[in-house]
Amino acid sequence: MDHFDTDILILGAGGAGLRAAIAAAEAAPDQRVALVSKVYPMRSHTVAAEGGSAGVVQAHDTLDDHFNDTVSGGDWLCEQDVVEYFVSHCTREMIQLEHWGCPWSRKPDGHVNVRAFGGMKIERTWFAADRSGFHILHTLFQTSTKYKSIERFDEYFCVDLLVENGRAQGAVLLCLATGEFCAITARAVVLATGGAGRVFRQNTNGGIVTGDGMALAFRHGVPLRDMEFVQYHPTCMPGSGVLFTEGCRGEGAFLLNKDGYRYLQDYGLGPAEPQPRNKYMELGPRDRLSQAFWQEERKGRTVTTPQGEAAVLLDLRHLGRKRIEERLPLICELARHFMGIDPVDTPIPVRPAVHYTMGGILVGIDTASPLPGLYAAGECSSIGIHGANRLGSNSLAELSVFGRVAGEQAAAFAKGAAAAEIPALLDRARAAEARALGLLNGKGGGERHSVLRKEMADSLEKGCGIYRLGDEMQQACDRLADLRHRYDGITIDDKSRAWNTDWISALELGYQLDVAQAMAHSAIARKESRGAHQRLDGYTQRDDANYLRHSLAHYRKGASPEISYSPVTITRSPPGQRAYGALGEQLEHARKEATHG
Amino acid sequence: MSERRPYVRRQSRLWWASRTYRGYTLRELSGVGVAVYGAVLLAGLDSVRRGPDAYAAFVGWLSTPVAIVLHLVLLAAMLLHGLTWFQTLPKTMPRLIVGGQAVPQKTITNAAIGLAMLCSLALVIGALS
Amino acid sequence: MADRDRLTIELWILRYRPAQDEEPHFVSYTVTYTEEMSVLEALQSIKDEQDGSLSFRWSCRMAICGSCGMMIDGTPKLACSTFLRDLAPGPVKIAPLENFPIERDLVVTVADFVKKIESIYPFIMPKETKPVEAGEYLQTPAQMAAYEPFSDCINCMLCYAACPQFGANPDFIGPGAMALLQRYNGDSRDAGSRERLDLIHGEDGVWSCTAVGLCSEACPKLVDPANAVNQNKTNSAFDFFLRGLRKENHS
Amino acid sequence: MTRPPKRTIAPIFWLLFGAGGMLSALFGTGLVIVTGFLLPASPPSYQAAAAILHNPLAGLVALATIPLFFWHGAERLFLTLKDMRAGPRPLLALISYGAAAVGTLVTILLIFLMEFGS
Ligand SMILES: Cc1cc2nc3c(=O)[nH]c(=O)nc-3n(C[C@H](O)[C@H](O)[C@H](O)COP(=O)(O)OP(=O)(O)OC[C@H]3O[C@@H](n4cnc5c(N)ncnc54)[C@H](O)[C@@H]3O)c2cc1C
Ligand code: SF4
Ligand code: F3S
Ligand code: FES
């Protein structure tokens with residue numbers, strides 16, 4: 001097996017991984033950085049983010065407002081100290097990206113422009129047309145090529161972490177092109193492997209978003225936090241789940257039911273004004289909008305698409321051709337190309353689909369996980385800013401802010417750390433290789449992993465959807481246990497080594513099943529409704545007395561995960577009622593009065 | 001030893017004749033037509049230098065079927081050349097920004113073709129008068 | 001619309017498995033398809049239901065990650081945004097991107113292309129360095145319009161598959177990397193044009209391009225890489241004659 | 001950093017090619033119509049033709065136009081031959097550019113003779 005030794009190993013080269021690599025290279029130019037990704041960095045799923053990234057810039061906006069929006073958006077399940085750090089560093093990171101060349105959309109005077117986003121009180125979303133993630137990712141990737149100390153391992157798939165003496169010291173990689181393994185030993189390891197949305201059926205995520213890093217850390221004893229909170233995005237393409245950015249609504253789009261009625265006003269988000277105010281109607285948060293869809297579907301007020309899916313209508317027509325084509329070119333392309341609909345004169349049928357995993361690898365404000373030497377940033381991590389529901393545009397900001405922190409922290413740790421214990425690590429690496437080869441060459445019982453994958457996605461969609469019921473969640477847990485068991489008996493069609501995507505998919509499925517179990521078990525254990533976790537079986541209310549706590553899923557080999565809880569850090573925003581629309585405004589007034597009075 | 005063994009496909013020697021690239025090859029050959037026409041011009045010029053007999057012979061040749069067909073072909077080549085030349089023109093220059101927006105390449109091409117039509121027309125009118 | 005017609009279509013897929021095949025060969029698959037099914041979805045259904053050994057790259061399914069370029073009926077296309085309804089009745093020929101070595105099945109070698117991208121200093125070389133604390137550089141919408149389309153390149157390499165000069169000379173820097181070069185050269189915040197231009201004066205730089213122009217037609221993102229290459233050919237030509245003057249200016 | 005690659009002399013030919021291409025694209029069609037169709041239909045007398053051409057200005061115009069047409073065609077011929085892989089590159093270059101060079105010399109010579117000769 002090939003072996004490379006390095007100082008800082010970064011797994012994942014999406015937005016978070018690239019930002020971490022650059023930060024590490026700048027913080028410690030004398031240290032070597034290995035940057036690993038199972039796809040070329042610019043294919044990472046950050047590329048698909050459309051809407052934009054948060055950062056307070058306007059004179060009438062404040063960090064406090066961003067803080068409050070984020071904490072109430074997360075239904076108070078946020079680590080408030082982390083949110084505080086986060087909001088005060090977003091803008092700096094956005095400017096840094098600008099200096100590196102990110103083509104943010106501009107105002108006529110040459111200053112960066114910002115747009116409105118759901119759940120944000122004031123416009124603070126930096127955007128690059130509707131290709132914000134694309135431009136951020138390409139800017140970071142291209143900028144990273146400037147640093148000689150970064151060595152990339154493109155199209156290398158991580159099959160395991162190397163942990164020795166209670167410290168993360170490297171990883172075992174499978175080179176896609178050759179099918180050969182290699183071990184990278186390091187003094188510090190950063191996980192930046194992205195989310196896990198593809199465990200669900202209809203989702204906005206790319207094929208590579210399979211929760212690998214979450215499962216890797218999980219298997220090595222790092223808890224996954226708040227995994228029951230999975231965000232549904234309200235406006236996606238029926239069938240495929242491809243996203244229509246929230247930027248559409250930021251630009252003023254309406255959501256209509258089959259009668260052409262702006263139904264959100266029936267769900268506490270009104271009044272319905274021609275130009276929705278921030279945090280009202282269409283600019284409410286995602287969980288609320290997705291829940292309203294579910295209710296409309298129950299009432300039979302949705303349309304049915306040719307694919308047989310229920311949908312509501314995203315209406316852009318009143319914005320006019322010029323604005324639509326200028327601000328939302330990708331949306332035009334998607335609607336015209338993929339659906340044969342011109343948004344200039346026809347509303348687009350949309351429905352919710354799984355979009356984002358709020359939970360992830362437990363890390364502290366310094367991005368360090370409980371396993372020494374292991375850091376995590378980006379969607380794979382749970383640093384605590386999203387709580388029970390993430391606000392749109394907080395995630396790109398997160399990967400910038402905490403990608404940097406992770407790079408710097410890992411560099412600092414590596415500097416002080418003892419050298420990797422290479423012989424012992426290589427033994428472990430060979431064992432990991434043998435396991436992966438065992439999966440490839442094992443005879444199995446003839447079952448295809450694609451069958452298991454579909455069943456997994458179906459059971460999660462049923463059991464852990466927009467609204468949840470105890471027995472349905474139980475069924476999901478049971479089916480997942482069964483799938484986990486059947487997974488050991490799968491047969492891989494393709495026994496060759498070079499570019500064996502059959503094998504890779506099977507390895508990914510293993511990760512997905514672990515993550516899915518963590519989600520389902522965390523969900524069934526939370527007996528309340530909060531943010532993206534909404535129950536209809538008697539636990540319809542938020543229960544701060546018992547559940548203003550983070551869930552922690554712990555891995556147990558061969559068994560279902562164990563769930564425990566940890567406290568939430570609350571510094572200055574005591575849990576209040578989470579409301580939007582007119583009620584939200586009233587409550588906020590009252591809160592302000594109270595603090596001033 | 002790994003299994004990896006990238007397979008390099010050789011580009012077909014006749015790629016330039018394939019459907020995809022036929023337009024390109026014709027465009028290039030139209031440029032050769034320009035040179036051939038240069039030779040015809042030179043021959044005419046030289047006939048004048050060599051005296052009235054040579055000149056008469058040249059003018060006489062111009063009316064033969066061979067010369068007429070040749071000139072028809074050259075005319076087609078010139079037209080194709082002119083058209084494709086101005087289609088390529090905007091590709092060879094920086095994006096033209098007017099009033100904050102890029103001028104569409106079609107506009108540049110059309111303007112240049114218009115200019116070429118004026119130039120050629122001027123020659124024809126000049127010759128007729 | 002429950003009983004929509006279930007149509008079938010035949011796909012001829014060029015397959016090459018280095019472990020067992022001497023050279024690539026076409027294999028036929030038949031898939032059932034619906035109106036809105038893309039070529040990528042057809043390939044996925046083959047992989048899931050008929051033959052798990054078929055390999056191809058994909059991720060985003062929305063024409064933005066640039067993974068799924070392939071030759072579809074002889075034209076370079078993104079599989080995720082090419083629809084079977086437009087190719088019916090078939091059979092449809094699917095092959096790996098032209099002009100690139102085949103790693104396996106529909107997977108081609110990308111590393112050389114990425115090296116080219118890395119070679120052209122694909123980052124801002126600022127005119128004046130400015131601390132982040134001092135805020136953003138100003139850039140008017142007109143200044144953005146000068147380079148923005150070039151920044152939309154998704155690195156899908158379709159333009160390379162369309163370019164016969166790249167087919168003839170694999171070392172030709174090619175349209176995609178030139179689009180990126182122009183993306184930075186055209187940026188009002190950048191001062192690296194000189195250095196980048198110096199990289200492309202050679203035969204493998206802009207001078208392999210014969211302005212075929214099909215690169216721009218293949219581009220799914222309207223980047224117009226032909227403009228990037230040929231504009232710089234003009235620049236390189238002028239620089240060839242004017243470099244004497246330039247030296248004087250510098251010293 | 002990487003050393004700059006070797007320059008080629010392609011820009012010289014490219015510039016000639018461009019000048020010839022532009023001239024012919026602007027005036028080529030008109031010229032062909034005039035000399036190919038109008039002239040044989042009603043040919044000017046020899047005296048008239050000679051008078052026009054003996055004017056040094058006309059000589060200069062011809063001197064610019066004809067060789068540039070040659071160089072334009074030569075570049076395209078060379079590239080097409082190269083595309084067709086018709087032979088080793090130096091040979092193809094020799095044939096194409098050589099022809100244009102000879103044509104240019106001949107043009108200069110003939111025009112010189114016409115303006116200053118007998
Ligand atoms: C369609 C869409 C639109 C979005 N829009 C917005 C938006 O407008 N604003 C916003 O703030 N957020 C948005 N988000 C969310 C945001 O884009 C993501 O959360 C964020 O980009 C995740 O970045 P990341 O760096 O953590 O992971 P990714 O970009 O997913 O990168 C993961 C990296 O890890 C690598 N990797 C994974 N597993 C392995 C393995 N086993 N071995 C080796 N490498 C591995 C991958 O190759 C990749 O390089 C959107 C998300 C989606 C899906
Ligand atoms: S220029 Fe266009 S075709 Fe070429 S790589 Fe970029 S996006 Fe793809
Ligand atoms: S197709 Fe090739 S030859 Fe030039 S214009 Fe485009 S790079
Ligand atoms: S799958 Fe991403 S471009 Fe097609």
Side-chain angles (χ1 to χ4, degrees), chain A residues 39-40 42-45 47-48 92 95-96 98-101 103-112 131 134-135 138 142-143 145-146 154-155 177 206-208 239-240 242-243 304 306-308 330 333-334 337-340 448-450 453-454 492-494 496-502 505, chain C residues 1-2 4 17-20 34-36 38 41 47-49 51-53 55-67 81 103-105 107 110-111 114 117-118 121-124 126 130 132-133 135-141 143-144 147-148 151-155 180 184 187 189-190:
Chain A
V39 293
Y40 276 94
M42 63 279 193
R43 321 275 189 229
S44 303
H45 200 59
V47 80
R92 197 200 138 86
I95 298 174
Q96 176 64 78
E98 194 277 335
H99 282 206
W100 284 334
W104 296 121
S105 294
R106 305 279 178 158
K107 293 190 276 204
D109 66 1
H111 283 286
V112 168
R131 304 192 186 102
F134 165 84
H135 282 302
H138 280 246
Q142 289 157 15
T143 302
T145 65
K146 194 160 69 170
D154 297 335
E155 300 195 322
I208 59 173
S240 70
V242 165
L243 176 73
T304 307
Q307 299 84 17
L330 185 64
E333 187 186 318
L334 288 174
H337 230 89
F338 287 69
M339 306 175 82
R448 274 207 148 91
H449 52 82
S450 61
R453 182 174 303 106
K454 286 201 177 94
I492 295 178
D493 282 1
D494 183 358
S496 68
R497 297 286 286 268
W499 260 103
N500 185 341
T501 47
D502 202 15
S505 304
Chain C
M1 300 209 30
R4 276 186 313 155
R17 278 166 290 180
Q20 61 190 76
T34 52
E35 254 314 87
E36 62 286 333
S38 66
E41 286 167 307
K47 189 171 179 66
D48 282 354
E49 287 148 30
D51 186 348
S53 76
S55 277
F56 48 92
R57 290 188 181 98
W58 67 280
S59 176
C60 70
R61 315 164 287 147
M62 52 190 282
I64 192 77
C65 77
S67 306
S81 62
E103 293 283 339
R104 151 157 185 176
D105 296 342
V107 176
V110 177
V114 172
I117 287 187
E118 289 173 294
Y121 311 141
F123 37 80
I124 297 273
K130 176 167 158 176
V132 169
E133 289 69 30
E136 81 259 46
Y137 293 93
L138 296 188
Q139 192 168 63
T140 62
Q143 285 172 322
M144 264 193 82
Y147 75 90
E148 202 279 332
S151 75
D152 287 341
C153 170
I154 61 172
N155 297 162
L180 188 60
Y184 283 103
D187 193 319
R189 293 165 290 190
D190 180 84

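In what follows, chains are A, B, ... by sequence order, proteins preceding strands, each numbered from 1.
Residue Q20(C) does not touch chain A at all, counting heavy-atom pairs closer than 4.5 Å. The parts of E136(C) that come within reach of chain A are both its backbone and its side chain, each placing non-hydrogen atoms under 4.5 angstrom from that chain. When heavy atoms are compared at a cutoff of 4.5 Å, V110(C) approaches chain A by way of both its backbone and its side chain. For L180(C), the part lying near chain A is the side chain, with the backbone staying farther off; criterion is any non-hydrogen pair under 4.5 Å. For chain C, the nearby parts of D502(A) are the backbone and the side chain; heavy atoms of each come within less than 4.5 Å. For chain A, the nearby part of M144(C) is the side chain; its heavy atoms alone come within less than 4.5 Å. If you measure heavy-atom distances from D105(C) to chain A, you find no contacts under 4.5 Å at all. Both the backbone and the side chain of Q139(C) come within contact range of chain A, judged by heavy atoms closer than 4.5 Å. Using a 4.5 Å cut-off between heavy atoms, V107(C) contacts chain A through its side chain alone, with no backbone atom that close. For P18(C), the part lying under 4.5 angstrom from a heavy atom of chain A is the side chain only.
Judged purely by atom type and a 3.5 angstrom limit, E98(A) uses its side chain to pair as donor or acceptor with the backbone of Y137(C). For the pair R189(C) (side chain) and G101(A) (backbone), a donor-acceptor distance under 3.5 Å is present. Proximity of a side-chain donor or acceptor of S496(A) to a complementary backbone N or O of A19(C) within less than 3.5 Å is not detected. Under a 3.5 Å cut-off, the side chain of R104(C) and the backbone N or O of A498(A) do form a donor-acceptor pair. Although no hydrogens or angles enter the test, the distance criterion places a donor-acceptor pair under 3.5 Å between the side chain of H99(A) and the main chain of G135(C). Under a 3.5 Å cut-off, the side chain of R43(A) and the backbone N or O of C65(C) do form a donor-acceptor pair.
Across H135(A), M339(A), K107(A), the residue that shares the most heavy-atom pairs under 4.5 angstrom with chain C is H135(A). Between chain C and the residues T145(A), N500(A), L243(A), the most heavy-atom pairs under 4.5 angstrom are made by T145(A).
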Legend entry - Residues R448(A), D48(C); criterion side-chain contact (heavy atoms from CB on, under 4.5 Å); working and verdict: CA-CA 8 Å; R448(A) 274 207 148 91; D48(C) 282 354; over 6 Å; no

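Side-chain contact between R61(C) and S240(A): present, with at least one pair of heavy atoms (C-beta onward) separated by less than 4.5 Å. Counting only heavy atoms from C-beta outward, the side chains of T501(A) and F56(C) never approach each other to under 4.5 Å. Between E49(C) and S450(A) the shortest side-chain heavy-atom distance does not fall below 4.5 Å.
The OG atom of S59(C) sits 4.0 Å away from the CD1 atom of I208(A) when rounded to the nearest 0.5 Å. Atoms NZ and OH, from K146(A) and Y121(C) in turn, are 13.5 Å apart once rounded to the nearest 0.5 Å.
Looking at residues two or more places apart in sequence or on another chain, you find a salt bridge (Lys or Arg N to Asp or Glu O under 4.0 Å) between E118(C) and R152(A). The salt bridge (Lys or Arg N to Asp or Glu O under 4.0 Å) check on E155(A) picks up R57(C), with sequence neighbours excluded.
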